Amino acid sequence: MKKLINDPKSVVTETVEGFGLAHQDLVTVNTDPAYLVRNDAPVQGKVGLVSGGGSGHEPLHAGYVGKGMLDAAVPGAVFTSPTPDQIIPATQAVDGGAGVVHIVKNYTGDVLNFETAAEMADAEGVPVRTVLVNDDVAVEDSLFTAGRRGVGGTVLVEKIAGAAAERGDDVDAVAAIGNRVNENVRSMGVALSSCTVPHAGEPSFDLGDDEVEIGIGIHGEPGRHRIPMEPADGIVDRLLEPVLNDLKLDDGAKVLLFVNGMGGTPASELYIAYRHAAKVLAQKGVTVERSLVGNYITALEMQGASISVLRLDDEMVELWDAPVHTAALRWGL
Amino acid sequence: MKKLINDPKSVVTETVEGFGLAHQDLVTVNTDPAYLVRNDAPVQGKVGLVSGGGSGHEPLHAGYVGKGMLDAAVPGAVFTSPTPDQIIPATQAVDGGAGVVHIVKNYTGDVLNFETAAEMADAEGVPVRTVLVNDDVAVEDSLFTAGRRGVGGTVLVEKIAGAAAERGDDVDAVAAIGNRVNENVRSMGVALSSCTVPHAGEPSFDLGDDEVEIGIGIHGEPGRHRIPMEPADGIVDRLLEPVLNDLKLDDGAKVLLFVNGMGGTPASELYIAYRHAAKVLAQKGVTVERSLVGNYITALEMQGASISVLRLDDEMVELWDAPVHTAALRWGL
Amino acid sequence: MADTLNAAWAEAWLRNSAAVVAEHRKELIDLDRAIGDADHGENLDRGFSAVVQKLDESNPETPGACFKLAAMTLMSKVGGAAGPLFGTAYLRAGTTVGESTELDSPLLAQALAAARDGIVARGKAEVGDKTMIDAWTPAVDAATEAAEAGAGPADVLEAAAVAAQQGAESTDPLVARKGRASYLAERSAGHRDPGAASSALLLRAAADAAAAAGNGAGEAGASGA
Amino acid sequence: MADTLNAAWAEAWLRNSAAVVAEHRKELIDLDRAIGDADHGENLDRGFSAVVQKLDESNPETPGACFKLAAMTLMSKVGGAAGPLFGTAYLRAGTTVGESTELDSPLLAQALAAARDGIVARGKAEVGDKTMIDAWTPAVDAATEAAEAGAGPADVLEAAAVAAQQGAESTDPLVARKGRASYLAERSAGHRDPGAASSALLLRAAADAAAAAGNGAGEAGASGA
Ligand SMILES: Nc1ncnc2c1ncn2[C@@H]1O[C@H](COP(=O)(O)OP(=O)(O)O)[C@@H](O)[C@H]1O
Ligand SMILES: Nc1ncnc2c1ncn2[C@@H]1O[C@H](COP(=O)(O)OP(=O)(O)O)[C@@H](O)[C@H]1O
Ligand SMILES: [Mg+2]
Ligand SMILES: [Mg+2]
Ligand SMILES: [Mg+2]
Ligand SMILES: [Mg+2]
């Protein structure tokens with residue numbers, strides 16, 4: 001394992017510290033317990049938006065703290081959901097009197113820890129609503145299991161719900177739009193290489209020199225199946241097909257197409273994947289209204305990508321376009 | 001070699017095509033010869049800014065085409081400078097009557113091809129000035145060789161010269177500010193892994209499991225020396241020391257600190273490096289006025305980072321802060 | 001053998017747990033690497049180290065206080081799925097034993113059952129879902145049976161530990177239906193569930209602490225005839 | 001043996017060059033991988049394939065026209081350092097031979113010298129800098145000497161090819177002072193310069209085309225007694 005780190009045990013604290021130094025204009029870092037809030041938090045009268053989860057998915061979530069998006073991010077250990085003693089003070093710190101929305105990726109650990117925190121924050125007088133993100137169509141038979149994972153769609157939920165909060169929607173409305181985004185987005189990912197969790201010191205799975213793993217998540221979990229390496233267009237077809245099957249777009253539908261890098265993928269490869277995905281959608285009569293290409297939700301240094309398709313309505317487009325100023329997503333400000 | 005590509009021979013065209021599709025609002029792609037221009041080019045009365053070079057450094061340069069930065073980008077084959085027959089029409093396409101500035105990274109190939117193109121464009125009536133970027137302090141004894149390479153500083157030159165062009169500076173003034181940035185920026189990089197040029201099919205160099213390469217460039221060239229892996233802080237010291245020795249900052253100097261990822265490095269590691277670099281600068285009485293952390297000039301999927309320090313003056317700060325709207329750098333718009 | 005177990009035993013259990021988790025840290029990481037996200041051993045190690053630190057700082061005077069200390073610490077230090085699940089387990093065990101300073105076999109079996117019920121309440125897993133429940137439920141059944149048959153607390157815990165270990169092994173061929181391993185579907189078969197494996201280690205630590213207490217070894221204590 | 005070489009020879013040289021570059025593509029990439037950026041073989045292969053395509057489309061009637069076609073095509077298809085350098089070399093050679101349809105030994109030697117001078121004019125390298133100049137300069141010297149001694153064009157090119165190959169080999173121990181390999185400083189020693197290696201291949205292709213012409217083989221042509 002070769003990483004530009006000092007000590008596996010200090011990866012998260014040092015990352016957060018460095019992030020805080022680099023983005024002093026945006027965020028304030030609380031070290032113990034670890035969470036980050038936007039500098040002007042709490043914004044009076046505005047619904048507070050909190051998300052969090054295991055670290056290792058940077059820029060998620062700290063990179064999305066700022067005007068128009070999250071009010072706080074709560075980083076857990078690498079690939080480990082944070083604990084209530086972090087989530088509760090973060091929730092309180094961003095409550096501007098209008099309540100708080102938790103955006104939670106659907107993993108048992110995240111759900112349990114946020115659930116506990118929400119209950120306790122609620123008991124202390126902060127009304128909390130939860131938006132559960134579960135957009136990963138790689139997880140089949142999800143009814144009988146822990147359900148679908150939250151992956152790429154999370155970024156879109158955070159942006160759009162963040163814009164709703166910023167324009168003054170109340171806590172139920174912010175949660176509702178967050179849920180609407182989640183209901184209209186589907187994602188699927190591929191890994192060309194694994195990643196190495198710093199404290200584990202070994203790759204999370206082994207892939208042959210000519211194999212790729214289809215249906216991976218963002219934690220170095222193995223995917224649903226392994227296939228021999230094939231050209232990018234074929235792989236994109238394999239990701240897009242289950243996404244579109246599940247999304248059931250009408251002819252003439254408008255979508256946001258999001259090609260996300262897993263951390264170790266060159267931008268060129270993401271654009272090659274985007275190119276084919278855009279062509280396939282065009283052939284199907286789907287209009288790509290908005291796009292996003294880059295490393296937005298990652299799995300450490302994994303090589304691979306995920307494709308998310310969000311069915312847009314006019315309000316979502318408006319909220320997507322609304323100004324945002326965070327470390328990783330910024331426009332209009 | 002495992003890459004999310006279709007065919008090594010089509011990597012650049014497909015990347016450019018995908019980029020053009022994803023950023024239709026920003027750029028127009030010319031396929032043969034290959035170059036990209038901002039949608040509103042040529043902007044009448046504005047100096048046109050053209051940069052280019054080998055592909056494989058994404059988001060450089062296409063990612064910096066747009067308002068407030070480049071007017072055109074000219075992509076060569078992977079790690080191969082583009083040819084005059086691309087550079088000349090790109091130059092003509094962005095000439096709004098105020099002349100054009102070429103921003104050229106100091107590599108023999110880039111210099112020769114841009115030189116020829118500038119001469120020919122000039123002969124056809126477009127006055128061209130050239131800013132040569134050569135910020136890489138890893139190259140010692142540069143007087144007797146091809147000189148220092150252009151690396152991370154290129155991004156800063158493009159942003160600041162782009163802002164100068166946007167505010168209406170004339171062609172000599174734009175070139176002058178570009179040169180001033182170049183004179184005040186120094187960079188150095190490290191690789192934890194090599195990269196694989198698609199058509200070569202094999203890693204550009206081999207590194208042992210516990211070795212890192214200090215003083216690498218952005219083309220998978222081996223660096224100046226190889227050392228056993230060490231903690232991030234020690235590596236950052238090794239990069240920062242030659243940068244600062246060469247830059248000779250006064251006490252109380254103001255700088256922009258730029259920690260750049262080589263393409264395969266997780267953001268967390270870049271922030272860990274940033275953290276230490278910021279601390280070292282603070283200890284030396286240097287004020288970090290602006291910062292940039294992320295994958296801005298890369299070497300395909302290489303794991304590693306470079307550190308650039310730019311001595312700022314008030315005008316540079318103003319131009320840095322000026323609005324910019326490109327695929328990879330955006331604020332104020 | 002002793003008829004009851006006291007705070008010294010509870011503290012010894014927790015300290016043993018920390019030691020055994022540290023010892024098996026890598027093994028638990030590797031189990032989780034195979035069908036999860038490679039953090040289970042690291043998370044528990046961080047959590048139980050913190051428990052030991054808390055024990056060094058405070059002096060919980062009852063088994064219930066020990067369990068609550070463990071619950072709070074694990075809840076705030078472990079994270080992931082295991083943090084709230086084990087946290088709830090200790091919390092429910094603590095509530096069940098209340099202020100008692102001495103735990104006899106029936107109370108001990110009740111406490112284990114409450115711990116298991118807490119995990120089920122939070123995680124909704126059933127036996128066969130390839131989770132820690134596959135270790136806990138056989139352990140609770142064995143403990144209850146032993147207690148009903150009049151066994152002493154050390155034997156009750158020994159029965160629980162043996163059953164938990166078998167339960168953990170029983171997860172090897174299963175296809176996961178809960179937790180992160182469920183994303184793998186069929187590919188989760190052929191690997192032991194990390195949470196079941198760690199649960200077996202914790203119950204083994206409990207039994208060993210009780211046995212040591214019964215033998216008068218160390219500081220760990222048992223009271224009664 | 002023939003006294004002069006004509007357009008058929010020049011075309012055969014370029015086609016031979018394309019074949020030999022394609023054949024050695026990987027080898028040139030590997031040389032460049034060691035001390036450069038792993039593109040030299042790919043770049044030349046792309047460039048000379050384009051030259052062949054251009055030759056198929058047009059019908060250059062003089063050696064000079066062949067050289068200019070090569071110059072323009074390499075300039076616009078190769079990129080990198082080698083594109084402008086080889087482009088300039090062919091351009092200068094073309095200018096030197098002008099409209100001549102037949103190249104005798106002295107003119108051939110002059111054309112090679114002009115090509116080399118073009119590379120130096122653009123790249124400013126000297127012998128010993130570990131560049132293609134280390135192949136070109138000995139080749140030019142050998143060709144000039146042979147021409148002055150009255151050798152026929154095929155022998156002139158043979159002398160050049162042999163000297164170029166030796167020149168390429170002579171770069172092995174050198175420390176690069178120009179081009180991308182110079183960034184490596186001492187670490188560039190122990191590797192052959194890719195541009196010197198490809199230059200030797202191109203000059204070998206020239207000699208082989210001339211020898212074939214002299215033997216009346218293929219379409220490649222030579223005129224005179
Ligand atoms: N719903 C559940 N009910 C009971 N146990 C569960 C459940 N989900 C996960 N687990 C247990 O948690 C273990 C994983 O813990 P850990 O690796 O610490 O958390 P995470 O999965 O969040 O990384 C699994 O091996 C399993 O035994
Ligand atoms: N200044 C120079 N003068 C002469 N030849 C040079 C010079 N710089 C580079 N070269 C030659 O060019 C070769 C590299 O060509 P190539 O790999 O195609 O270009 P690049 O270095 O741009 O990738 C070197 O091996 C060397 O022979
Ligand atoms: Mg986890
Ligand atoms: Mg090159
Ligand atoms: Mg886990
Ligand atoms: Mg090269």
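As the structure is a prediction and not an experimental result, all values here were calculated from the model. In what follows, chains are A, B, ... by sequence order, proteins preceding strands, each numbered from 1.
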Considering non-hydrogen atoms only, spot the tightest contact between [X] and [Y] and give its length.
X: R330(A); Y: G332(B); value: NH2-N, 4.3 Å
X: V11(A); Y: I272(B); value: O-CD1, 3.8 Å
X: E269(A); Y: L4(B); value: OE1-N, 2.9 Å
X: K279(B); Y: E17(A); value: NZ-OE2, 2.8 Å
X: S291(A); Y: A22(B); value: OG-O, 2.8 Å

Exercise. Pick one of side chain, backbone, both or neither for F19(B), based on which atoms fall under 4.5 Å of a heavy atom in chain A.
Key: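 Contact with chain A: backbone and side chain both.
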Exercise. Sort by residue number and list every member of residues 193-209 of chain B having a non-hydrogen atom under 4.5 Å from chain A.
Key: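 Listed by number: L207(B), G208(B), D209(B).
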Quiz item: Do L333(A) and W331(B) touch side chain to side chain, with heavy atoms closer than 4.5 Å?
Solution: no
Quiz item: Hey, are the side chains of R275(B) and N6(A) touching, using non-hydrogen atoms and a 4.5 Å cut-off?
Solution: yes
Quiz item: Above 12 or not: heavy atoms from other molecules or residues under 6.0 Å from CD of E230(B)?
Solution: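 Count over threshold, so yes.
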So for [X], is it side chain, backbone, both, or neither that comes closer than 4.5 Å to the heavy atoms of chain B?
X: S268(A); result: both
X: N295(A); result: side chain
X: E301(A); result: both

Exercise. Please list all pairs passing the ring pair (Phe, Tyr, Trp, His ring centres under 6.0 Å) test where one or both residues lie in residues 277-300 of chain A, with sequence neighbours left out.
Key: F258(A)-Y296(A)
For the candidates [options], which exhibits the highest count of non-hydrogen atom pairs separated by less than 4.5 Å from chain B?
options: H276(A), E211(A), H325(A), R290(A); value: E211(A)
options: M1(A), Q24(A), M262(A), M229(A); value: M229(A)
options: A305(A), P266(A), G263(A); value: P266(A)

Quiz item: For L192(A), does its backbone N or O pair with a side-chain atom of K2(B) as donor and acceptor, under 3.5 Å?
Solution: yes
Exercise. Give, for atom CD1 of I5(A) and atom CD1 of I235(B), the distance between the pair rounded to the nearest 0.5 Å.
Key: 10.5 Å
Quiz item: Measuring from L281(A):CG to L21(B):CG, what's the distance to the nearest 0.5 Å?
Solution: 11.0 Å
Quiz item: Any idea which of D233(B), T265(B), V293(B), L300(B) has the most non-hydrogen atom pairs under 4.5 angstrom with chain A?
Solution: D233(B)
Quiz item: Can a donor-acceptor pair be found between the side chains of H23(A) and Y271(B) at a distance below 3.5 Å?
Solution: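 Yes, a side-chain donor-acceptor pair sits under 3.5 Å.
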